[in-house]
Amino acid sequence: MEQIKIVIAGARGRMGSEAVKLVESTTEYTLVGVIDHKFDGKRLKDLDGFDSDVPIYTDIETCFFETNPHVLIDLTTPEIGKIHTKIALQHGVRPVVGTTGFSDEDLKELEGLTIEKGIGAIIAPNFAIGAILMMKFSQMAAKYFQDVEIIEQHHDQKLDAPSGTGLKTAEMISNVREEKQQGHPDEKELIAGARGADYKGIRLHSVRLPGLIAHQEVLFGGDGQTLKIRHDSYNRASFMSGVKLAVDNVLKIDILVYGLENIIE
Ligand SMILES: NC(=O)C1=CN([C@@H]2O[C@H](COP(=O)(O)OP(=O)(O)OC[C@H]3O[C@@H](n4cnc5c(N)ncnc54)[C@H](OP(=O)(O)O)[C@@H]3O)[C@@H](O)[C@H]2O)C=CC1
Ligand SMILES: O=C(O)C1=N[C@H](C(=O)O)C[C@H](O)C1
């Protein structure tokens, strides 16, 4: 079997370091390099906590030119992730993007590039299979419950709010829910933000605390009843089976897939 050559951007990070372990422990994958904004010219194994003898590049184009990868796994920051994804597509490298914080315009532009280049890309706001099911189940429930609020909880080092998962859940729900402004029509926020962000009438609340990893509860309310759908990631290994699913699938598609719910049955 041909080896799938992979480059990881953000390899020193919380998710990136877990992705390095996944790639190194998967027989059909070969890690050929990593992209960082520091340590150019060093080897990954020169850094504490890594054994991989692969080069570190601060220039993505040099990395692609010298390592010729099939797939880029990006786990960086919202601003950098967009740039990396664009450059990858321009160089014929298939992106698997876990980085969150992309706007609708970014997604449209990247979709255009996949069409122009005829190669696939996967952007997945959440790789955890349980979180994908939580989103799917919430979409199912929204057909029956119009009133819904989303509470997402993350560690306090997270840069984007609401989370990619919270936003994707709101999008999926709004695709099936008749738009409704929830709460009392005359309600007033005594402190700005008290009612959370508003996505087409759906309220989204972001909690940030040390000790948390990634958690989300979707609350539905109806006449005399509530329904709560909850998912918890207790470590970053919880995301890795989804990263593998995305890498394996991105090689078979020639479009942009936004969300792993479009890949799993
Ligand atoms: N889809 C999913 O299932 C999941 C997605 N995420 C998302 O993944 C992203 C990363 O999260 P997390 O691992 O927690 O974040 P971290 O901050 O731990 O990791 C980000 C890494 O990217 C590095 N980095 C910053 N700028 C650059 C650059 N220009 N080039 C290359 N690397 C760079 C950082 O380096 P330095 O520290 O030196 O700045 C750091 O090592 C976030 O957008 C998060 O929302 C997270 C978990 C699950
Ligand atoms: O930053 C994180 O940690 C996570 N980010 C993703 C998101 O924004 O939804 C996925 C997961 O929730 C963890």
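First listed ligand is number 1; within each ligand, the first listed atom is number 1. Note that the structure is a prediction, hence the values are computed from the model and not measured.
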[X] heavy atoms, cut-off 4.0 Å: which ligand 2 atoms fall inside?
X      : answer
Thr100 : 6 (C), 7 (C), 8 (O)
Thr165 : 7 (C), 9 (O), 10 (C), 12 (O)
His154 : 2 (C), 3 (O), 4 (C), 11 (C), 12 (O), 13 (C)
Asn126 : 10 (C), 11 (C), 12 (O)

For salt bridge (charged side-chain N to carboxylate O under 4.0 Å, His left out), just list the numbers for Asp51 and Lys45, CA-CA rounded to whole Å, side-chain angles, deciding distance to a tenth of an Å, and then say yes or no. CA-CA 5 Å; Asp51 300 324; Lys45 70 178 168 66; over 6 Å; no

Nearest option to [atom], as decided by whichever heavy atom of [options] sits closest:
atom                    : options                : answer
atom 1 (N) of ligand 1  : Ser233, Ala124, Ala246 : Ala124
atom 6 (C) of ligand 2  : Ala131, Ala214, Pro125 : Pro125
atom 20 (C) of ligand 1 : Thr77, Leu75, Ile35    : Leu75
atom 22 (O) of ligand 1 : Gly10, Gly242, Ala9    : Gly10
atom 31 (C) of ligand 1 : Asp36, Leu159, Val34   : Asp36
atom 3 (O) of ligand 2  : His155, Gln153, Lys158 : His155
atom 17 (O) of ligand 1 : Lys158, Arg12, Arg14   : Arg14

Who's the nearest protein heavy-atom neighbour of [atom], and how far?
atom                    : value
atom 39 (O) of ligand 1 : His37 NE2, 3.2 Å
atom 3 (O) of ligand 1  : Phe127 N, 2.7 Å
atom 9 (C) of ligand 1  : Thr76 O, 3.3 Å
atom 47 (C) of ligand 1 : Met15 CG, 3.3 Å
atom 43 (O) of ligand 1 : Thr100 N, 3.1 Å

Quick one: does [X]'s side chain get under 4.5 Å of [Y]'s, heavy atoms only?
X     : Y      : value
Val7  : Ile73  : no
Thr85 : Leu113 : no
Arg12 : Lys38  : yes

Evaluate [X] for polar contact with ligand 1, using N/O atom pairs at a separation under 3.5 Å.
X     : answer
Lys38 : yes
Gly98 : yes
Pro78 : no
Gly13 : yes

Gly164: heavy atom below 4.0 Å from ligand 1, yes or no?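 No, Gly164 has no heavy atom closer than 4.0 Å to ligand 1.
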
Is His84 near ligand 1, meaning one of its heavy atoms is under 4.0 Å from it?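 It does, in that a heavy atom of His84 comes within the 4.0 Å cut-off of ligand 1.
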
Distance filter under 4.0 Å to Asn126 heavy atoms, resulting ligand 1 atoms: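 Close to Asn126: 1 (N), 2 (C), 3 (O).
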
In terms of atom number and element, which parts of ligand 1 are under 4.0 angstrom from non-hydrogen atoms of Ile80?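 Contacts of ligand 1 toward Ile80, numbered from 1: 28 (C), 29 (N), 30 (N).
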
Part of [X] with heavy atoms under 4.0 Å of ligand 1, whether side chain, backbone, both or neither:
X      : value
Phe239 : side chain
Thr99  : both
Pro125 : backbone

Please say whether more than 12 non-hydrogen atoms of neighbouring residues, nucleotides or ligands are located less than 6.0 Å from NZ in Lys86.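 At most 12 heavy atoms, drawn from other residues, nucleotides or ligands, come within 6.0 Å of this atom.
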
Are more than 12 heavy atoms from other residues, nucleotides or ligands located less than 6.0 Å from atom CD of Glu187?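 Yes, CD of Glu187 has more than 12 neighbouring heavy atoms, counting only those of other groups under 6.0 Å.
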
For a side-chain contact (heavy atoms from CB on, under 4.5 Å) with Asp147, tell me which candidate from Lys180, Arg177, Arg203 qualifies.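 Between Asp147 and the candidates, side-chain contact (heavy atoms from CB on, under 4.5 Å) is satisfied uniquely by Lys180.
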
How about [X] and [Y]: does a side-chain donor come under 3.5 Å of a side-chain acceptor?
X      : Y      : result
His205 : Glu149 : yes
Thr30  : Gln3   : yes
Asp198 : Gln181 : yes
Ser174 : Glu179 : no
His154 : Glu152 : yes
Glu66  : Tyr57  : yes

Mind listing the closest non-hydrogen atom pair of Pro69 and Val32 along with its distance?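 Between these two residues, the closest heavy atoms are CB-CG2, 4.2 Å.
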
For Leu167 versus Pro162, what's the shortest heavy-atom pair and its separation?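 That would be CD1-CG, 4.0 Å.
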
Honestly curious: do Leu209 and Ile151 fall in one hydrophobic cluster under the side-chain, below-4.5 Å linking rule?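 Yes, same cluster.
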
Does some non-hydrogen atom of Arg14 fall short of 4.0 Å from ligand 2?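 Contact absent.
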
